[in-house]
Amino acid sequence: MNSLFKSSYRAFTNIALIKYWGKRHEDLFLPLTSSLSLTLDAFYTDTTVEFKPNAKADVFILDGVQQGVELTQKVSQFVDLFRETAGMNMPVTVTSINHVPTAAGLASSASAFAALASACNGALGLGLDNRALSIYARQGSGSATRSLFGGFVVWHKGEGEDSQSSYAEAIDDAEWDIGMLVVIINQQQKKISSRVGMAHTRDTSPFYAMWPSEVEKDLAAIIPAIEAHDFETVGEIAEHNAMKMHASILASNPSFTYFEPDSLVAMAIVKELREQGIACYVTMDAGPNVKVIGRLSEMDQIIARFKHDFKADQLIVAKPGSAPIELKA
Ligand code: DP6
């Protein structure tokens, strides 16, 4: 519903094919490299924002439960960016529902901050476009920058400390034969958050020195492959990029890893499928779940093989998703 000072949006999560791993400016969430993702339809957040002139304080309700001081403060600080832009200071009530299939245990900060930015823009009638909103979303969580667009999206790292130069842009609508199978290995909260893990890798891993130039090479190669709808080249580059990120994480001091035994089982299945002529590739983020990049037309065969080692409710197919959509009453 979108009336005076009230607006609702749905935003979808995204999975990076060329990863963001490391900041050059912590407070502004400015990344050390550009990155590239695919927005997915299966995982999203619905958020309603309502500014209430007569309310006493900000309220944040997540999945039906009113949140405590810490999370509410995080939301308040983010909404402050919009209150400053609008030149007003009305208290806000934010109501969010995360639609991540039960047991998915996937990070929802990307869809959460993209939905919140879109709904703040709607509620305050600011008329900002998605590129401008991606700059706001970035300041909630880096990966949220890319959820302001659908399909394949690039997040430009930008220049120096210039916040305005670090935004997202859609490069391809992904309306071709590509999708992801998300393999749920473990639904628990990740042990080392991406925020902490990427800072530790940047500061202690000798391999991190190579990361920015590897990302640049991978981006330069994957963009034309996406434009050419060259599925195999896209998958090969994405898998190699993810492995380079995880290798540099492993070389941190003290060392850590997001891999779990079943992550390796899933990776071995992907290799086996490739040997049988079904092109599919692996990517992983700051947790043990494995995302298999596959052709949508071959997903049934991929799932059939995974069902030998995983339960059906651990396997979720996602198709390319869209930019945030306005939810009307
Ligand atoms: C491995 O966006 O969660 O998923 O900016 O600190 O909130 P913050 O981190 P976050 O990091 C995502 C890391 C990643 C790779 C990616 O999405 O590009």
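Start at 1 and go down the list; that is how both ligands and their atoms are numbered. Each residue takes its place number in the sequence, starting with 1.
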* Asked: When you check the gap from the basic side-chain N to the acidic O, do E232 and R295 get nearer than 4.0 Å?
  ->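 Looking at E232 and R295, the cut-off is met.
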
So is [X] polar-close to ligand 1, meaning N/O to N/O under 3.5 Å?
X    : value
N14  : no
W21  : no
G142 : yes

* Can you tell if the side chain of H156 reaches within under 4.5 Å of the side chain of V154, non-hydrogen atoms only? ->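 Sidechains of V154 and H156: in contact.
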
* **Validation row: N121, Y9 side chains within 4.5 angstrom (heavy atoms)** =>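 N121 does not reach Y9 side chain to side chain.
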
* Asked: Of R146, M198, M284, K23, which has the heavy atom at the shortest distance from atom 6 (O) of ligand 1?
  ->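 The nearest heavy atom belongs to K23.
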
* To do: For atom 2 (O) of ligand 1, state which one of A144, G197, S143 supplies the nearest heavy atom.
  =>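 Minimum heavy-atom distance to atom 2 (O) of ligand 1 goes to S143.
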
* D177 versus S297, side-chain donor and acceptor atoms under 3.5 Å ->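 Side chains of S297 and D177: pair found under 3.5 Å.
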
* Using a heavy-atom cut-off of under 4.0 Å, does the side chain or the backbone of S35 touch ligand 1, or both, or neither? ->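 None of S35 does.
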
* To do: Below 4.0 angstrom from a heavy atom of A16, which ligand 1 atoms are there? Numbered from 1 as shown, please.
  =>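 Under 4.0 Å from A16, ligand 1 has these atoms: 16 (C), 17 (O), 18 (O).
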
* Asked: D285 heavy atoms, cut-off 4.0 Å: which ligand 1 atoms fall inside?
  ->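 Taking each heavy atom of D285 in turn, ligand 1 has 1 (C), 4 (O), 14 (C), 15 (C) under 4.0 Å.
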
* Counting N and O atoms only, with roles assigned by atom type, does the side chain of S248 sit under 3.5 Å from a partner on the main chain of M245, one being a donor and the other an acceptor? ->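 Yes; at least one donor-acceptor contact below 3.5 Å.
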
* Testing D46, L116, V75, L62 for side chain to side chain contact (heavy atoms under 4.5 Å, CB included) with S96, which one passes? ->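 Among D46, L116, V75, L62, the one that satisfies the side chain to side chain contact (heavy atoms under 4.5 Å, CB included) with S96 is L62.
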
* Asked: Is it the case that R131 places NZ or CZ above or below the six-membered ring of Y167, under 6.0 angstrom from the centre and within 45 degrees of the axis?
  ->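 Yes, R131 lies over the aromatic ring of Y167.
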
* R138 near ligand 1, heavy-atom distance under 4.0 Å? ->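 Judged by the 4.0 Å heavy-atom criterion, R138 does not count as contacting ligand 1.
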
